[in-house]
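Written below as structure tokens is the structure these notes are about.
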Amino acid sequence: MPHAIALAVVGTLFTCSSLFAQVAVEPPPFSEPPLPVITADQAEALRSEPAPSSAVDFHSSETPTDPHVELNGHAVADTPRRFQYNLSATVRGVYDDNIYNSSLNHVSDYYVTIEPAIFLSLGGADAEGVNSLSLVYRPSLFLFLDNSQNDAVQQLIRLQAGHRFGHLSLSLSQDVQLLDGTDLNSLNDPTGHQANTDVSGRTRHQIYNTDLSGSYDLTGKLFLSGGAGFAADQYHSLISSQNYTGNLYVNYNYSEKLVLGIGSTGGYNTTDNPGQVSNNQTFEQGNVRLSYRATAKINVSASGGVEVRQFDSGSGNNVTPVYELSASYQPFDGTSLSLTGSRRTMNSASLSGQDFSESTINLALTQRFLQRFFFGVAAGYTNSSYFSTVSGVSATRNDDFFYVDPSVDFNITRYWSFGVYNVHRQDSSSLPFFSFKDNQVGIRTKLTF
């Protein structure tokens with residue numbers, strides 16, 4: 001019965017789409033890069049986000065106010081209105097040859113996803129300053145043809161508020177990811193390029209991120225920025241963890257094109273691992289960062305530093321570099337290229353008494369041709385190097401994960417699009433149990449209202 005309902009919904013979407021036939025062509029609906037690029041000017045970009053809990057990230061990997069990230073450019077105009085909204089519905093049909101991301105239990109299946117999305121935003125200028133409030137909600141219903149026990153509902157939610165009091169700007173954001181599957185889906189990557197390689201299998205997983213950030217103008221060129229955050233990574237049957245962080249930076253507007261900053265981040269990390277030696281941790285980071293807009297077509301932001309992490313177990317300190325990189329290039333009309341990378345420290349949910357340093361690089365290219373067709377290719381690589389956080393635990397795991405995702409999409413009308421894509425993912429682990437290969441072939445259609 002659920003599958004019959006899914007097919008009926010697909011048919012309804014195709015039927016209703018004829019009501020919206022228009023000749024105008026808009027940007028491709030499925031061309032989001034794995035990570036967004038910087039679009040605000042450098043000073044505001046530095047003010048907008050605090051450093052994260054375990055890596056230097058003054059630009060969030062999922063910028064809440066970027067309409068291309070959220071809902072493909074329809075939500076926020078260059079001259080914003082006080083109230084904005086966007087509604088859309090995406091249906092995907094996918095063949096997956098390894099639905100469990102397993103090296104031992106290769107099970108293939110076909111599944112359908114129904115993914116509505118809503119974006120609401122209220123904001124504008126008033127007598128006191130600039131206020132903003134926005135909500136993004138994107139649930140996903142997964143229906144499997146042969147393995148209905150894997151049917152699931154996932155939910156992605158973001159709520160953000162901001163206010164400016166003269167020289168002082170404050171913002172508060174809350175992100176919720178309620179996941180049930182093998183991937184790390186997010187608002188920026190709803191189709192799941194990034195697999196949960198630490199677990200390498202289906203699991204129920206909730207991620208909560210709360211961030212309070214602010215900036216204060218000291219002079220025309222100098223300003224302070226800082227914030228506090230809480231992040232929780234919750235598993236039903238594996239090891240959960242929590243992060244408490246705070247940071248403070250001094251930033252300098254060197255020129256209209258370049259902004260520099262220097263500061264530090266500190267935090268406390270706890271894990272829920274009953275019956276084991278305490279794996280709680282503290283860490284400190286010293287970081288420098290910059291935002292550079294070379295031209296209207298080239299934007300670069302980077303941050304880097306060193307993290308020192310101590311463990312309650314007394315196993316010694318771990319010293320590692322941390323960095324964030326984001327760059328975008330639009331050489332021609334209809335062509336866009338983005339590059340992102342990062343290195344951060346994560347708690348292992350699958351291996352007790354271990355953390356891992358995760359280094360990532362992602363590249364995305366989109367090319368428009370014949371006005372209505374869009375060719376895209378996204379590729380990424382992640383290395384996860386595990387280390388012991390408790391005396392007596394031997395950490396030998398090292399993973400190399402990569403994905404490649406070519407796609408072709410076509411704007412049938414202004415409100416209706418259709419596309420095909422193919423995702424190949426592979427993880428090579430020093431512990432063979434965690435290795436896997438996965439191929440997905442999908443078709444997708446989207447209506448935007």
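What you see is a predicted model, and the numbers here were worked out from it, not measured in a lab.
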Original post:
Going by atom types only, do S338 and S328 share a side-chain donor-acceptor pair under 3.5 Å?
Top reply: no

Original post:
Can you check whether L258's main-chain N or O pairs, donor with acceptor, with R293's side chain at less than 3.5 Å?
Top reply: no

**OP:** Report the residue from H205, Q206, Q177, Q242 that forms a side-chain contact (heavy atoms from CB on, under 4.5 Å) with D233.
**Re:** H205

Subject >> Lys/Arg N to Asp/Glu carboxylate O, D409 vs R372, below 4.0 Å >> reply: no

Original post:
Under 3.5 Å, is there a donor-acceptor pair between the R164 and S169 side chains?
Top reply: yes

Subject >> Euclidean distance, N131 CG relative to L122 CG, rounded to 0.5 Å >> reply: 8.5 Å

Subject >> Atom of R343, atom of S359 and distance for their closest heavy-atom approach >> reply: NH1-OG, 2.8 Å

**OP:** For atom OH of Y254, decide whether the heavy atoms of other residues, nucleotides or ligands shown that lie under 6.0 angstrom number more than 12.
**Re:** no

Original post:
Do the side-chain N and O atoms of D198 and S348 include a donor-acceptor pair separated by under 3.5 angstrom?
Top reply: yes

Original post:
Is E115 salt-bridged to R92, cutoff N-O under 4.0 Å?
Top reply: yes

Subject >> S102: partners by side-chain hydrogen bond (donor to acceptor under 3.5 Å, both in side chains), with sequence neighbours left out >> reply: none

Original post:
Is a side-chain donor-acceptor pair under 3.5 Å present for S171 with S213?
Top reply: yes

**OP:** Could you check D175, V136, L172, L133 and say which one makes a side-chain contact (heavy atoms from CB on, under 4.5 Å) with L159?
**Re:** L133

Original post:
Should the pair Y403 and H193 be assigned to parallel (<30°), tilted (30 to 60°) or perpendicular (>60°) ring geometry?
Top reply: parallel

Original post:
Considering only heavy atoms from C-beta outward, does the side chain of Y85 approach that of F119 to under 4.5 Å?
Top reply: no

Original post:
Going by atom types alone, do D96 and Y111 pair a side-chain donor with an acceptor below 3.5 Å?
Top reply: no

Original post:
Is any side-chain heavy atom of D438 closer than 4.5 Å to a side-chain heavy atom of H424?
Top reply: no

Original post:
Are T320 and E307 close enough that a side-chain donor and a side-chain acceptor fall under 3.5 Å?
Top reply: no

**OP:** Would you check, one step at a time, whether the test salt bridge (Lys or Arg N to Asp or Glu O under 4.0 Å) holds for D183 with R425?
**Re:** CA-CA 11 Å; D183 304 330; R425 305 185 300 180; 2.7 Å; yes

Original post:
Cation over ring, R289 on Y249, under 6.0 Å and within 45°?
Top reply: yes

**OP:** Quick one: do K437 and D427 satisfy salt bridge (Lys or Arg N to Asp or Glu O under 4.0 Å)? Show the steps, please.
**Re:** CA-CA 7 Å; K437 294 182 180 180; D427 186 35; over 6 Å; no

**OP:** Answer with yes or no whether the side chains of E324 and S303 bring together a donor and an acceptor at under 3.5 Å.
**Re:** no

**OP:** Show the numbers, then the answer: is there a ring pair (Phe, Tyr, Trp, His ring centres under 6.0 Å) between F230 and Y244?
**Re:** CA-CA 5 Å; F230 169 75; Y244 307 84; 5.1 Å; yes

